[in-house]
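Along the sequence shown, residues are numbered consecutively beginning with 1. What you see below is based on every heavy atom in this structure, not just the backbone, and it leaves out hydrogens, waters and symmetry mates.
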Amino acid sequence: MIKPDAVGNSHTGAIIDHIIKGGFKITAMKYTWLSAEKAGQFYAVHSARPFYNDLVAFMSSGPIVAAILEKDNAVEDFRELIGATDPTKAEAGTIRQLFAKSIDANAVHGSDSDENAAIEGSFFFSSFEKF
């Protein structure tokens, strides 16, 4: 997912270009705006954490681009492509190092497991929208 900060700063195209050049195939993509309710549902796993309300407010503050990516070893490779959550600690050339402003406004979200990728993909896309 390309988060509201990166979409708002016109980095969507450059981020998609990085993803494609990283060898990923985009099998679904959607430009949308999450309501606070939908953002809360997506990040429900973090509901007991102190940053949850700020995260929901941020993720519902502007449009996002949701996508499903395909590649051998996709989760691990994507997490390497995007870099550390804190852009000041992200490797040079990673998406977060290039486009994120802070640990909170960190440009992109990437699933942390194949199981979560399937759940998150189904959150945004019906079976008719996946190719």
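For the pair T94 and E91, the tightest heavy-atom approach, listed with the atom from each and the gap, is OG1-O, 2.8 Å. The shortest non-hydrogen separation linking A105 to S102 is N-OG, 2.9 Å. Of all the heavy atoms in A107 and A6, the pair that sits closest is O-CB, 3.6 Å.
To the nearest 0.5 Å, the span separating CD1 on I103 from CG on D86 amounts to 4.5 Å. A distance of 4.5 Å separates CG of L34 from CD1 of I64, quoted to the nearest 0.5 Å.
No side-chain heavy atom of D112 sits under 4.5 Å from any side-chain heavy atom of V75. With contacts defined as side-chain heavy-atom distances shorter than 4.5 Å, the pair P87/K101 does not qualify. Side-chain contact between F58 and D5 is present, with at least one heavy-atom pair separated by less than 4.5 Å.
Within the structure, side chain to side chain donor-acceptor pair (under 3.5 Å) contacts touching residues 14-27 (residues at least two apart or in different chains) are D17-K21. Within the structure, every pair that satisfies the side chain to side chain donor-acceptor pair (under 3.5 Å) test and touches residues 57-71, not counting sequence neighbours, is listed here: K71-D77.
Counted within 6.0 Å of CD on Q41, heavy atoms from surrounding residues, nucleotides or ligands total more than 12; the atom is thus considered enclosed. Within 6.0 Å of CD on E129 lie more than 12 heavy atoms contributed by other residues, nucleotides or ligands. More than 12 heavy atoms of other residues, nucleotides or ligands lie within 6.0 Å of NZ in K30, so this atom counts as buried by the packing criterion. Within 6.0 Å of CG on N73 lie more than 12 heavy atoms contributed by other residues, nucleotides or ligands.
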May I have the list of side-chain donor-acceptor pairs in residues 45-52 shorter than 3.5 Å, sequence neighbours left out?
residue: S47; atom: OG; partner: A44; partner atom: O; Å: 3.0
residue: Y52; atom: OH; partner: G40; partner atom: O; Å: 3.1

Review item, side-chain donor-acceptor pairs of residues 117-125, under 3.5 Å, at least two apart:
residue: E120; atom: OE1; partner: H109; partner atom: NE2; Å: 3.0
residue: E120; atom: OE1; partner: S111; partner atom: OG; Å: 2.5
residue: E120; atom: OE2; partner: H109; partner atom: NE2; Å: 3.4
residue: S122; atom: OG; partner: A118; partner atom: O; Å: 3.2
residue: S122; atom: OG; partner: K130; partner atom: NZ; Å: 3.1

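No donor-acceptor pair under 3.5 Å is formed between the side chain of E80 and the backbone N or O of E76. The closest donor-acceptor contact from the side chain of R79 to the backbone of G110 lies under 3.5 Å.
Taking Ile, Leu, Val, Met, Phe, Trp and Tyr as hydrophobic and joining them when side-chain heavy atoms fall under 4.5 Å apart, one finds V65 in a cluster with I2, V7, I15, I16, I19, I20, F24, I26, M29, Y31, L69, F78, L81, I82, I95, L98, F99, V108. Hydrophobic cluster of F131: no remaining members, since no ILVMFWY side chain lies below 4.5 Å from it.
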Trace of the side-chain contact (heavy atoms from CB on, under 4.5 Å) decision for Y43 with M59: CA-CA 9 Å; Y43 286 106; M59 290 304 298; 3.5 Å; yes
